[in-house]
Amino acid sequence: DDLNEFVGGLPVPPTPPTSPIERWAGSDRYGTSVDVSQKAFPSGANTVFLATGESFPDALAAGPAAATRNAPILLTATNQLSSAVRSELQRLNPSNIYLLGGPAAISSEVETQVKSATNAQVLRINGSDRYATAAAVVERFFATADTVYVATGAGFTDALPAGSPGGILGRPVILASATSVPAASRAQITRFANPDIFVLGGPAAISAAVLAELDALTTGTIRRLDGANRYATSVAVSSEAFSAADTVFLTTGTAFPDALSAAPAAKRLRAPILLTTAACAPVEVVAEVARLGADRVITLGGSNAVSDSAASLTPCP
């Protein structure tokens, strides 16, 4: 193991892949979602998820659900469907389009624009808040689940890496607050009849009080997947779910839009989603790519989000 090699008392970081940088990106967050869709779904898709690109919770919860349905996730502004997304919806030619969230997330104007652009059945999935919307997604798309992920609904970084393994292994993402499990989320956990639970993130994200609540809802095992920071947590999620992978997706850990569309694509390639800083790759992430044996790194977003140095897995000092 490269991590066990020492020179002068310091660990030698693993040697990263040397393949050329492969970016999936557009001119903005909406264009990036289109590029991901085009590359992962070149022949179209029967189902498409449409989420706001202006906030993260709706698309996060939809990641595993869309992945299980081989359905791309496209992003839209709240009040305007971009021409690029409209064209991509027409290219995909779906039978069903799911709008995630209420009119405050995707306006009735956009709903009308989607209906006029396609022949698809357009359905809205939403609840009274982000937790209820996430629960509504889980209820519609997961009839059963032996294992679930629970992540904070107040941030994006912990739930994001769960989208790919959630899709591959049939594990929904259920959202909680730092201090409690909302009623809608509790209902989904009990519906699955004693699932095992992976809690994503440390005590600042999901407190010990929430773990106690979860323990009362299931006789299954409860295990926390976390690390010293958001990058190490993404590695913890990857290492639990993947023994090996040919491909990994790399995305910024400081902004949410670029990776919101990644889960279905990552599921198709059986690839984990790892987080990185903009300037360089955290050493834990470099080590995880080496452990997986991956020789293809797909970087999401432009060089402002993930620099060429980070994309080529240059370790952080």
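In this chain, numbering begins with 1 at the start of the sequence shown.
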Let me check something: any side-chain donor-acceptor pairs from residues 152-166 under 3.5 Å, sequence neighbours excluded? List them with distances.
from: Thr152; atom 1: OG1; to: Ala154; atom 2: N; distance (Å): 2.9
from: Ser164; atom 1: OG; to: Ala271; atom 2: O; distance (Å): 2.6

Discussion item. Strictly by disulfide bond (SG atoms under 2.5 Å apart), give each pair with a member in residues 164-233 just once, sequence neighbours left out.
Written reply: none
Worksheet, complete the sentence: residues 226-317 vs disulfide bond (SG atoms under 2.5 Å apart), sequence neighbours excluded, gives Cys280-Cys316
Item to complete: Check the pair Glu109, Gln80 against side chain to side chain contact (heavy atoms under 4.5 Å, CB included), reporting the backbone distance first and the verdict last.
Response: CA-CA 7 Å; Glu109 273 184 278; Gln80 181 63 44; 5.7 Å; no
Contact list for [range], test ring-ring contact (aromatic ring centres under 6.0 Å, His included), sequence neighbours left out:
range            : answer
residues 107-136 : none
residues 172-219 : none
residues 85-126  : Phe49-Tyr98, Tyr98-Phe141

Worksheet item: So how far is it from Leu123 CG to Leu100 CG, rounded to the nearest 0.5 Å?
Response: 11.0 Å
Worksheet item: If you measure from CG on Leu89 to CG on Asn119, what distance do you get to the nearest 0.5 Å?
Response: 12.0 Å
Discussion item. Take a 6.0 Å sphere around CG of Asn194 and say whether it holds more than 12 heavy atoms from other residues, nucleotides or ligands.
Written reply: yes
Distance-minimising heavy-atom pair for [X] and [Y]:
X      : Y      : result
Pro182 : Ala176 : CD-CA, 3.9 Å
Arg191 : Val138 : NH2-O, 3.4 Å
Val173 : Pro64  : CG2-CG, 3.7 Å
Ser261 : Val36  : O-CG1, 3.6 Å
Asp258 : Gly301 : OD2-CA, 3.5 Å
Ala120 : Asn96  : CB-N, 4.1 Å

So do [Y] and [X] actually touch side chain to side chain, heavy atoms under 4.5 Å?
X      : Y      : value
Asp146 : Asp196 : no
Asp308 : Thr299 : no
Pro103 : Glu111 : no
Pro94  : Ile97  : yes
Leu292 : Pro272 : yes
Arg29  : Leu260 : no
Phe41  : Leu92  : yes
Val48  : Pro72  : yes

Indicate, with yes or no, if [Y] and [X] share a hydrophobic cluster defined by side-chain heavy-atom contacts under 4.5 Å among Ile, Leu, Val, Met, Phe, Trp and Tyr.
X      : Y      : value
Phe256 : Tyr30  : yes
Ile125 : Ile174 : yes
Val297 : Leu275 : yes
Ile106 : Val122 : yes
Ile189 : Ile206 : yes

Expected list for residues 51-60: side-chain donor-acceptor pairs under 3.5 angstrom, two or more places apart:
from: Thr52; atom 1: OG1; to: Glu54; atom 2: N; distance (Å): 3.0
from: Glu54; atom 1: OE1; to: Thr78; atom 2: OG1; distance (Å): 3.3
from: Glu54; atom 1: OE2; to: Thr78; atom 2: N; distance (Å): 2.9

Worksheet item: Any luck finding a side-chain donor-acceptor pair between Thr133 and Asn126 under 3.5 Å?
Response: no
Worksheet item: Just by distance, with hydrogens left out, do Thr254 and Thr252 show a side-chain donor and acceptor under 3.5 Å apart?
Response: yes
Discussion item. Donor-acceptor pair, distance only, cut-off 3.5 Å: does the side chain of Thr218 make one with the backbone of Asp215?
Written reply: no
Discussion item. Closer than 3.5 angstrom, by distance alone: can the side chain of Thr314 be matched with the main-chain N or O of Ala310 as a donor-acceptor pair?
Written reply: no
Fill in: For Ala25, all residues meeting side chain to side chain contact (heavy atoms under 4.5 Å, CB included), sequence neighbours excluded
Thr32
Worksheet item: So which pairs with a foot in residues 224-238 pass side chain to side chain donor-acceptor pair (under 3.5 Å), sequence neighbours left out?
Response: Ser238-Glu288
Discussion item. For residues 173-186, which residue pairs pass the side chain to side chain donor-acceptor pair (under 3.5 Å) check, not counting sequence neighbours?
Written reply: Ser177-Ser180, Arg186-Glu213
Listing, residues 239-251 side-chain donor-acceptor contacts under 3.5 Å, not counting sequence neighbours, or none:
from: Ser239; atom 1: OG; to: Val235; atom 2: O; distance (Å): 3.1
from: Ser239; atom 1: OG; to: Ala236; atom 2: O; distance (Å): 3.2
from: Glu240; atom 1: OE1; to: Arg171; atom 2: NH1; distance (Å): 2.8
from: Glu240; atom 1: OE2; to: Arg171; atom 2: NH2; distance (Å): 3.4

Practice prompt. Just do the side chain to side chain contact (heavy atoms under 4.5 Å, CB included) check on Ser37 and Arg91 with the steps written out, would you?
Written response: CA-CA 10 Å; Ser37 174; Arg91 185 195 69 82; 4.1 Å; yes
For a quick test of your reading: what N or O donor-acceptor pairs under 3.5 Å do the side chains of residues 262-270 make, sequence neighbours left out?
from: Lys267; atom 1: NZ; to: Asn70; atom 2: OD1; distance (Å): 3.4
from: Arg268; atom 1: NE; to: Ala40; atom 2: O; distance (Å): 3.2

